[in-house]
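Counting convention: from 1, in listed order, for ligands and their atoms alike.
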Amino acid sequence: MANKEQLIRQVRAKFKKQFKVEENFLTLTPGRINIIGEHTDYNDGLAMPAAIDRWICGAVCESPDKSFIIYSLNYNDKVVLTPQGAEKFREIWKQLAAATLHVISARYSINAGVRMVFSGNIPIGCGLSSSSAFVISIAQSMCHLFNIQLEGRQLARLCQKIENRALGTAGGLLDQYGIILSKKCQFMIIDFQDESIDYIPAILNDSTWIIVNSQVHRELSESAYIHRVKECKEGFKVLQKKFGISSFRDIDQPMLELLKYKSDVLYKRLCHVVAENQRVLDMKDQLQKGVAEKVGAILKDSHNSLRSLYEVSCEEIDYLIEISEGVDGWYGGRIIGGGFGGCSLHLIADNMIEKYREYISNSFGKKYGTSPDIIGVQFPGGLSCTV
Ligand code: GLA
(Lines give C-alpha, C1' and ligand atoms only; values in the text may rest on other atoms or scores of the structure.)
Protein backbone atom coordinates (compact mmCIF):
# COMPACT_ATOMS: atom_id res chain seq x y z
CA MET A 1 0.00 0.00 0.00
CA ALA A 2 1.43 3.40 -1.02
CA ASN A 3 2.38 5.84 1.75
CA LYS A 4 1.54 9.56 1.72
CA GLU A 5 4.63 10.63 -0.26
CA GLN A 6 4.03 7.92 -2.84
CA LEU A 7 0.38 8.96 -3.21
CA ILE A 8 1.47 12.53 -3.85
CA ARG A 9 4.06 11.43 -6.42
CA GLN A 10 1.52 9.17 -8.15
CA VAL A 11 -1.18 11.79 -8.56
CA ARG A 12 1.30 14.42 -9.71
CA ALA A 13 2.82 12.13 -12.31
CA LYS A 14 -0.58 11.00 -13.60
CA PHE A 15 -1.86 14.56 -13.72
CA LYS A 16 1.07 15.72 -15.80
CA LYS A 17 0.89 12.74 -18.14
CA GLN A 18 -2.84 13.07 -18.61
CA PHE A 19 -3.34 16.82 -18.87
CA LYS A 20 0.14 17.97 -19.97
CA VAL A 21 0.18 20.65 -17.28
CA GLU A 22 0.95 20.77 -13.58
CA GLU A 23 -1.81 20.79 -11.00
CA ASN A 24 -2.79 24.07 -9.29
CA PHE A 25 -2.78 22.43 -5.87
CA LEU A 26 -3.04 19.16 -3.96
CA THR A 27 -5.55 18.05 -1.35
CA LEU A 28 -5.02 15.41 1.34
CA THR A 29 -8.19 14.02 2.88
CA PRO A 30 -7.82 11.46 5.67
CA GLY A 31 -9.96 8.50 6.65
CA ARG A 32 -11.22 8.31 10.22
CA ILE A 33 -11.66 5.93 13.08
CA ASN A 34 -14.06 6.29 15.97
CA ILE A 35 -12.60 5.47 19.38
CA ILE A 36 -16.05 5.18 20.97
CA GLY A 37 -19.62 6.39 20.37
CA GLU A 38 -21.00 4.16 17.61
CA HIS A 39 -24.47 4.76 16.14
CA THR A 40 -24.92 7.78 18.37
CA ASP A 41 -24.40 10.57 15.83
CA TYR A 42 -27.88 10.37 14.29
CA ASN A 43 -29.38 10.20 17.79
CA ASP A 44 -28.16 13.55 19.18
CA GLY A 45 -25.42 11.60 20.97
CA LEU A 46 -21.70 11.71 21.71
CA ALA A 47 -18.77 10.25 19.75
CA MET A 48 -14.97 10.35 19.75
CA PRO A 49 -13.53 10.18 16.21
CA ALA A 50 -10.08 11.04 14.90
CA ALA A 51 -8.63 11.32 11.41
CA ILE A 52 -5.99 8.65 10.65
CA ASP A 53 -2.83 8.50 8.58
CA ARG A 54 -4.56 7.07 5.52
CA TRP A 55 -5.52 9.54 2.82
CA ILE A 56 -7.06 10.31 -0.51
CA CYS A 57 -4.68 12.61 -2.36
CA GLY A 58 -6.07 14.81 -5.14
CA ALA A 59 -4.34 16.93 -7.79
CA VAL A 60 -6.57 19.66 -9.16
CA CYS A 61 -6.75 22.42 -11.76
CA GLU A 62 -9.36 24.41 -13.62
CA SER A 63 -10.30 23.10 -17.03
CA PRO A 64 -9.84 25.14 -20.26
CA ASP A 65 -13.38 24.04 -21.23
CA LYS A 66 -16.49 23.36 -19.16
CA SER A 67 -16.06 19.62 -18.76
CA PHE A 68 -15.31 17.80 -15.52
CA ILE A 69 -12.70 15.08 -15.89
CA ILE A 70 -11.81 12.94 -12.90
CA TYR A 71 -9.27 10.11 -12.81
CA SER A 72 -9.12 7.53 -10.09
CA LEU A 73 -5.80 5.74 -9.84
CA ASN A 74 -7.36 3.19 -7.47
CA TYR A 75 -9.84 2.11 -10.13
CA ASN A 76 -7.57 2.94 -13.05
CA ASP A 77 -10.55 4.61 -14.69
CA LYS A 78 -11.90 8.06 -15.46
CA VAL A 79 -15.22 9.79 -15.53
CA VAL A 80 -16.08 12.68 -17.86
CA LEU A 81 -19.08 14.76 -16.89
CA THR A 82 -21.04 17.46 -18.64
CA PRO A 83 -22.16 20.62 -16.83
CA GLN A 84 -25.85 19.67 -17.38
CA GLY A 85 -25.23 16.60 -15.26
CA ALA A 86 -28.00 14.01 -15.36
CA GLU A 87 -25.58 11.11 -15.58
CA LYS A 88 -26.18 7.90 -13.65
CA PHE A 89 -23.39 5.43 -12.96
CA ARG A 90 -23.14 1.88 -11.74
CA GLU A 91 -19.80 2.50 -10.01
CA ILE A 92 -20.14 4.10 -6.60
CA TRP A 93 -17.08 6.32 -6.97
CA LYS A 94 -18.41 7.80 -10.21
CA GLN A 95 -21.83 8.36 -8.67
CA LEU A 96 -20.21 10.19 -5.76
CA ALA A 97 -17.98 12.27 -8.02
CA ALA A 98 -20.89 13.30 -10.25
CA ALA A 99 -23.16 14.17 -7.33
CA THR A 100 -20.48 16.27 -5.62
CA LEU A 101 -19.47 18.21 -8.73
CA HIS A 102 -23.02 18.91 -9.79
CA VAL A 103 -24.34 19.93 -6.39
CA ILE A 104 -21.46 22.34 -5.81
CA SER A 105 -21.48 23.79 -9.33
CA ALA A 106 -25.23 24.40 -9.15
CA ARG A 107 -25.26 25.78 -5.62
CA TYR A 108 -22.38 28.22 -6.20
CA SER A 109 -23.17 29.00 -9.87
CA ILE A 110 -19.82 27.73 -11.12
CA ASN A 111 -19.53 28.08 -14.83
CA ALA A 112 -16.22 26.34 -15.39
CA GLY A 113 -14.89 22.79 -15.59
CA VAL A 114 -12.27 20.98 -13.52
CA ARG A 115 -9.61 18.33 -13.90
CA MET A 116 -8.76 16.10 -11.02
CA VAL A 117 -6.67 13.01 -10.33
CA PHE A 118 -7.17 11.00 -7.13
CA SER A 119 -5.36 8.18 -5.45
CA GLY A 120 -5.90 6.82 -1.94
CA ASN A 121 -4.62 4.34 0.61
CA ILE A 122 -7.78 4.18 2.76
CA PRO A 123 -9.13 0.63 2.47
CA ILE A 124 -12.36 1.00 0.48
CA GLY A 125 -15.73 0.13 2.01
CA CYS A 126 -14.34 -1.11 5.34
CA GLY A 127 -15.68 1.36 7.90
CA LEU A 128 -12.83 3.89 7.63
CA SER A 129 -14.95 6.40 5.68
CA SER A 130 -13.34 6.13 2.27
CA SER A 131 -16.58 7.32 0.57
CA SER A 132 -16.98 10.35 2.82
CA ALA A 133 -13.30 11.19 2.31
CA PHE A 134 -13.77 11.03 -1.47
CA VAL A 135 -16.79 13.36 -1.45
CA ILE A 136 -14.99 15.76 0.88
CA SER A 137 -11.84 15.78 -1.25
CA ILE A 138 -13.82 16.75 -4.36
CA ALA A 139 -15.91 19.33 -2.48
CA GLN A 140 -12.84 20.85 -0.84
CA SER A 141 -11.05 20.98 -4.21
CA MET A 142 -14.00 22.85 -5.72
CA CYS A 143 -14.11 25.29 -2.81
CA HIS A 144 -10.40 25.99 -3.03
CA LEU A 145 -10.40 26.31 -6.81
CA PHE A 146 -13.40 28.65 -7.04
CA ASN A 147 -12.81 30.55 -3.84
CA ILE A 148 -15.94 29.34 -2.05
CA GLN A 149 -15.66 30.17 1.63
CA LEU A 150 -17.18 27.39 3.71
CA GLU A 151 -16.57 26.94 7.39
CA GLY A 152 -15.67 23.33 8.41
CA ARG A 153 -19.10 22.50 9.81
CA GLN A 154 -20.84 23.85 6.70
CA LEU A 155 -18.61 21.77 4.45
CA ALA A 156 -19.35 18.73 6.64
CA ARG A 157 -23.11 19.20 6.40
CA LEU A 158 -23.01 19.78 2.67
CA CYS A 159 -20.90 16.65 2.07
CA GLN A 160 -23.14 14.56 4.31
CA LYS A 161 -26.16 15.58 2.24
CA ILE A 162 -24.41 14.88 -1.05
CA GLU A 163 -23.30 11.41 0.05
CA ASN A 164 -26.64 10.41 1.55
CA ARG A 165 -28.51 11.56 -1.52
CA ALA A 166 -26.12 9.96 -3.99
CA LEU A 167 -26.09 6.57 -2.26
CA GLY A 168 -29.57 6.59 -0.73
CA THR A 169 -28.09 6.22 2.76
CA ALA A 170 -28.92 7.96 6.04
CA GLY A 171 -25.49 8.52 7.65
CA GLY A 172 -25.02 11.06 10.43
CA LEU A 173 -22.24 13.64 10.64
CA LEU A 174 -19.61 11.55 12.41
CA ASP A 175 -17.48 10.81 9.35
CA GLN A 176 -17.46 14.33 7.94
CA TYR A 177 -16.70 15.95 11.30
CA GLY A 178 -13.95 13.43 12.01
CA ILE A 179 -12.32 13.96 8.62
CA ILE A 180 -12.60 17.74 8.42
CA LEU A 181 -12.28 18.95 12.01
CA SER A 182 -9.72 16.55 13.54
CA LYS A 183 -6.57 18.00 15.06
CA LYS A 184 -3.10 16.48 15.14
CA CYS A 185 -2.58 13.92 17.96
CA GLN A 186 -6.01 14.68 19.46
CA PHE A 187 -9.27 12.82 19.80
CA MET A 188 -12.43 14.85 19.25
CA ILE A 189 -15.39 14.60 21.57
CA ILE A 190 -18.38 15.63 19.53
CA ASP A 191 -21.75 16.36 21.07
CA PHE A 192 -24.21 15.97 18.22
CA GLN A 193 -26.99 17.59 20.19
CA ASP A 194 -25.46 21.04 19.82
CA GLU A 195 -22.58 20.05 17.49
CA SER A 196 -19.99 21.30 19.96
CA ILE A 197 -16.50 19.78 19.90
CA ASP A 198 -13.94 19.24 22.61
CA TYR A 199 -10.43 17.86 22.03
CA ILE A 200 -8.24 15.69 24.26
CA PRO A 201 -4.65 14.50 23.68
CA ALA A 202 -4.49 11.12 21.92
CA ILE A 203 -1.72 9.91 24.17
CA LEU A 204 -1.70 6.61 25.99
CA ASN A 205 1.77 5.61 27.10
CA ASP A 206 3.22 2.25 26.00
CA SER A 207 0.20 1.26 23.93
CA THR A 208 -0.85 1.50 20.29
CA TRP A 209 -4.16 1.70 18.43
CA ILE A 210 -4.47 -0.95 15.78
CA ILE A 211 -7.06 -1.56 13.10
CA VAL A 212 -7.82 -5.08 11.97
CA ASN A 213 -9.61 -5.16 8.63
CA SER A 214 -11.64 -8.36 8.43
CA GLN A 215 -12.11 -7.74 4.66
CA VAL A 216 -15.74 -8.76 5.13
CA HIS A 217 -18.23 -6.82 2.97
CA ARG A 218 -21.92 -7.28 3.49
CA GLU A 219 -24.20 -6.41 0.59
CA LEU A 220 -27.12 -5.49 2.83
CA SER A 221 -25.22 -3.35 5.30
CA GLU A 222 -26.63 -0.06 3.93
CA SER A 223 -30.26 -1.15 4.22
CA ALA A 224 -29.61 -2.62 7.68
CA TYR A 225 -28.07 0.73 8.71
CA ILE A 226 -31.15 2.61 7.49
CA HIS A 227 -33.29 0.15 9.41
CA ARG A 228 -31.39 0.95 12.64
CA VAL A 229 -31.88 4.67 12.05
CA LYS A 230 -35.63 4.07 11.66
CA GLU A 231 -35.82 1.90 14.77
CA CYS A 232 -34.17 4.62 16.84
CA LYS A 233 -36.59 7.23 15.51
CA GLU A 234 -39.51 4.95 16.29
CA GLY A 235 -38.27 4.24 19.85
CA PHE A 236 -37.74 7.94 20.45
CA LYS A 237 -41.24 8.79 19.19
CA VAL A 238 -42.83 6.33 21.61
CA LEU A 239 -40.99 7.92 24.54
CA GLN A 240 -41.57 11.43 23.31
CA LYS A 241 -45.31 10.82 23.18
CA LYS A 242 -45.37 9.33 26.63
CA PHE A 243 -42.90 11.64 28.43
CA GLY A 244 -42.86 14.79 26.32
CA ILE A 245 -39.07 14.71 25.91
CA SER A 246 -37.50 16.83 23.20
CA SER A 247 -34.15 15.09 22.65
CA PHE A 248 -32.80 11.56 22.60
CA ARG A 249 -30.49 12.69 25.38
CA ASP A 250 -33.43 13.10 27.78
CA ILE A 251 -34.00 9.33 27.77
CA ASP A 252 -33.32 7.65 31.12
CA GLN A 253 -33.59 4.13 32.54
CA PRO A 254 -37.23 4.26 33.71
CA MET A 255 -38.24 5.44 30.24
CA LEU A 256 -36.34 2.54 28.69
CA GLU A 257 -38.23 0.13 30.91
CA LEU A 258 -41.47 1.34 29.39
CA LEU A 259 -40.07 0.67 25.96
CA LYS A 260 -39.10 -2.85 26.97
CA TYR A 261 -42.69 -3.54 27.73
CA LYS A 262 -43.74 -2.25 24.28
CA SER A 263 -40.98 -3.69 22.07
CA ASP A 264 -37.95 -5.73 22.98
CA VAL A 265 -36.11 -4.74 19.78
CA LEU A 266 -36.59 -0.99 20.26
CA TYR A 267 -35.61 -1.40 23.90
CA LYS A 268 -32.32 -3.05 22.92
CA ARG A 269 -31.49 -0.44 20.30
CA LEU A 270 -32.09 2.50 22.62
CA CYS A 271 -30.29 0.83 25.52
CA HIS A 272 -27.21 0.64 23.33
CA VAL A 273 -27.37 4.33 22.41
CA VAL A 274 -27.93 5.56 25.96
CA ALA A 275 -25.09 3.43 27.37
CA GLU A 276 -22.77 4.23 24.46
CA ASN A 277 -23.12 7.96 25.19
CA GLN A 278 -22.04 7.29 28.76
CA ARG A 279 -19.10 5.23 27.46
CA VAL A 280 -17.86 8.28 25.54
CA LEU A 281 -17.72 10.25 28.79
CA ASP A 282 -16.07 7.34 30.62
CA MET A 283 -13.55 6.95 27.82
CA LYS A 284 -12.65 10.62 27.99
CA ASP A 285 -12.05 10.21 31.69
CA GLN A 286 -9.92 7.06 31.40
CA LEU A 287 -7.87 8.45 28.51
CA GLN A 288 -7.10 11.53 30.55
CA LYS A 289 -6.08 9.31 33.46
CA GLY A 290 -4.07 7.14 31.07
CA VAL A 291 -5.36 3.76 32.25
CA ALA A 292 -5.05 1.40 29.27
CA GLU A 293 -6.85 -1.51 30.99
CA LYS A 294 -9.91 0.64 31.67
CA VAL A 295 -9.86 2.06 28.15
CA GLY A 296 -9.78 -1.52 26.86
CA ALA A 297 -12.66 -2.55 29.11
CA ILE A 298 -14.82 0.25 27.66
CA LEU A 299 -14.02 -0.93 24.13
CA LYS A 300 -15.07 -4.46 25.05
CA ASP A 301 -18.34 -3.26 26.59
CA SER A 302 -19.06 -1.30 23.46
CA HIS A 303 -18.44 -4.34 21.28
CA ASN A 304 -20.76 -6.49 23.38
CA SER A 305 -23.45 -3.86 23.11
CA LEU A 306 -23.02 -3.51 19.33
CA ARG A 307 -23.16 -7.31 19.02
CA SER A 308 -26.06 -8.17 21.27
CA LEU A 309 -28.16 -4.99 21.62
CA TYR A 310 -27.63 -3.05 18.42
CA GLU A 311 -26.93 -6.23 16.43
CA VAL A 312 -24.54 -4.74 13.89
CA SER A 313 -21.55 -7.02 14.37
CA CYS A 314 -20.69 -10.12 12.35
CA GLU A 315 -19.36 -13.59 13.01
CA GLU A 316 -15.83 -12.85 11.76
CA ILE A 317 -15.31 -9.78 13.96
CA ASP A 318 -16.87 -11.48 16.99
CA TYR A 319 -14.34 -14.24 16.42
CA LEU A 320 -11.49 -11.70 16.21
CA ILE A 321 -12.50 -10.17 19.52
CA GLU A 322 -12.91 -13.59 21.10
CA ILE A 323 -9.44 -14.83 20.11
CA SER A 324 -7.84 -11.49 21.05
CA GLU A 325 -8.98 -12.06 24.64
CA GLY A 326 -6.34 -14.75 24.92
CA VAL A 327 -3.43 -12.47 23.93
CA ASP A 328 -1.25 -10.92 26.61
CA GLY A 329 -1.13 -7.13 26.24
CA TRP A 330 -4.44 -6.88 24.34
CA TYR A 331 -6.46 -4.36 26.34
CA GLY A 332 -9.67 -4.44 24.34
CA GLY A 333 -11.29 -3.92 20.97
CA ARG A 334 -14.54 -3.49 19.11
CA ILE A 335 -16.15 -3.34 15.70
CA ILE A 336 -16.14 0.23 14.28
CA GLY A 337 -18.21 2.20 11.77
CA GLY A 338 -21.63 1.21 10.46
CA GLY A 339 -20.98 -2.48 11.16
CA PHE A 340 -21.82 -5.84 9.55
CA GLY A 341 -18.16 -6.31 8.56
CA GLY A 342 -15.21 -4.06 7.85
CA CYS A 343 -12.77 -3.03 10.54
CA SER A 344 -12.29 -3.46 14.26
CA LEU A 345 -10.23 -1.22 16.52
CA HIS A 346 -7.89 -2.58 19.21
CA LEU A 347 -5.64 -1.22 21.91
CA ILE A 348 -2.43 -3.23 22.40
CA ALA A 349 0.66 -2.90 24.60
CA ASP A 350 3.53 -1.68 22.42
CA ASN A 351 5.76 -4.65 23.15
CA MET A 352 3.09 -7.18 22.14
CA ILE A 353 2.20 -5.87 18.71
CA GLU A 354 4.24 -8.35 16.70
CA LYS A 355 2.98 -11.31 18.70
CA TYR A 356 -0.58 -10.09 18.33
CA ARG A 357 -0.18 -9.66 14.59
CA GLU A 358 1.21 -13.16 14.16
CA TYR A 359 -1.36 -14.79 16.38
CA ILE A 360 -4.34 -13.08 14.78
CA SER A 361 -3.15 -13.72 11.22
CA ASN A 362 -2.67 -17.43 11.95
CA SER A 363 -5.85 -18.04 13.89
CA PHE A 364 -8.11 -15.97 11.64
CA GLY A 365 -6.42 -17.38 8.53
CA LYS A 366 -6.97 -20.95 9.69
CA LYS A 367 -10.67 -20.40 10.29
CA TYR A 368 -11.61 -18.16 7.36
CA GLY A 369 -8.91 -18.83 4.80
CA THR A 370 -7.87 -15.14 4.54
CA SER A 371 -5.49 -13.07 6.59
CA PRO A 372 -6.93 -9.84 7.94
CA ASP A 373 -5.06 -6.65 7.21
CA ILE A 374 -3.52 -5.27 10.44
CA ILE A 375 -2.74 -1.55 10.46
CA GLY A 376 -1.18 0.61 13.20
CA VAL A 377 -2.66 4.13 13.13
CA GLN A 378 -1.42 7.65 13.89
CA PHE A 379 -3.51 10.80 14.20
CA PRO A 380 -2.18 13.44 11.78
CA GLY A 381 -5.13 15.88 11.91
CA GLY A 382 -7.92 16.62 9.42
CA LEU A 383 -8.24 17.64 5.81
CA SER A 384 -5.54 19.82 4.25
CA CYS A 385 -5.02 21.69 1.06
CA THR A 386 -1.64 22.82 -0.27
CA VAL A 387 -1.03 25.15 -3.12
C1 GLA B 1 -21.37 5.12 9.55
C2 GLA B 1 -22.10 6.44 9.35
C3 GLA B 1 -21.84 7.37 10.54
C4 GLA B 1 -22.11 6.69 11.87
C5 GLA B 1 -21.43 5.33 11.92
C6 GLA B 1 -21.83 4.55 13.15
O7 GLA B 1 -20.00 5.31 9.49
O8 GLA B 1 -21.68 7.06 8.16
O9 GLA B 1 -22.61 8.53 10.40
O10 GLA B 1 -23.49 6.57 12.09
O11 GLA B 1 -21.73 4.53 10.79
O12 GLA B 1 -21.40 5.18 14.30
Query - Proximal ligand 1 atoms for Gly172, defined as those under 4.0 Å from one of its heavy atoms - result: 9 (O)
Query raised in the report: Can the positive tip of Lys262 be found less than 6.0 Å from the middle of the six-membered ring of Tyr267, inside 45° of the ring normal?
Result: no
Query raised in the report: Below 4.0 Å from any atom of ligand 1, is there a heavy atom belonging to Arg32?
Result: yes
Query raised in the report: Side-chain heavy atoms under 4.5 angstrom apart, residues restricted to Ile, Leu, Val, Met, Phe, Trp, Tyr: same cluster for Leu281 and Tyr177?
Result: yes
Report summary line: Contacts of Tyr331 meeting ring-ring contact (aromatic ring centres under 6.0 Å, His included) (sequence neighbours excluded), chain-then-number -> none
**Report entry** Test: Asp175 and Arg32 ion pair at under 4.0 Å
**Finding:** yes
Query raised in the report: Asp175 heavy atoms, cut-off 4.0 Å: which ligand 1 atoms fall inside?
Result: 2 (C), 3 (C), 7 (O), 8 (O)
Report task. Just need the protein heavy atom nearest to atom 10 (O) of ligand 1, so name the residue and atom and give the distance. Result -> Tyr225 OH, 2.6 Å
Query raised in the report: Under 4.0 Å from any heavy atom of Gly337, which atoms of ligand 1 are there?
Result: 6 (C), 11 (O)
Query - N or O contact, Gly37 vs ligand 1, cut-off under 3.5 Å - result: no
Query raised in the report: Is the ring centre of Tyr42 less than 6.0 Å from the ring centre of Tyr225?
Result: yes
**Report entry** Protein heavy atom at shortest distance from atom 9 (O) of ligand 1
**Finding:** Asp41 OD2, 2.5 Å
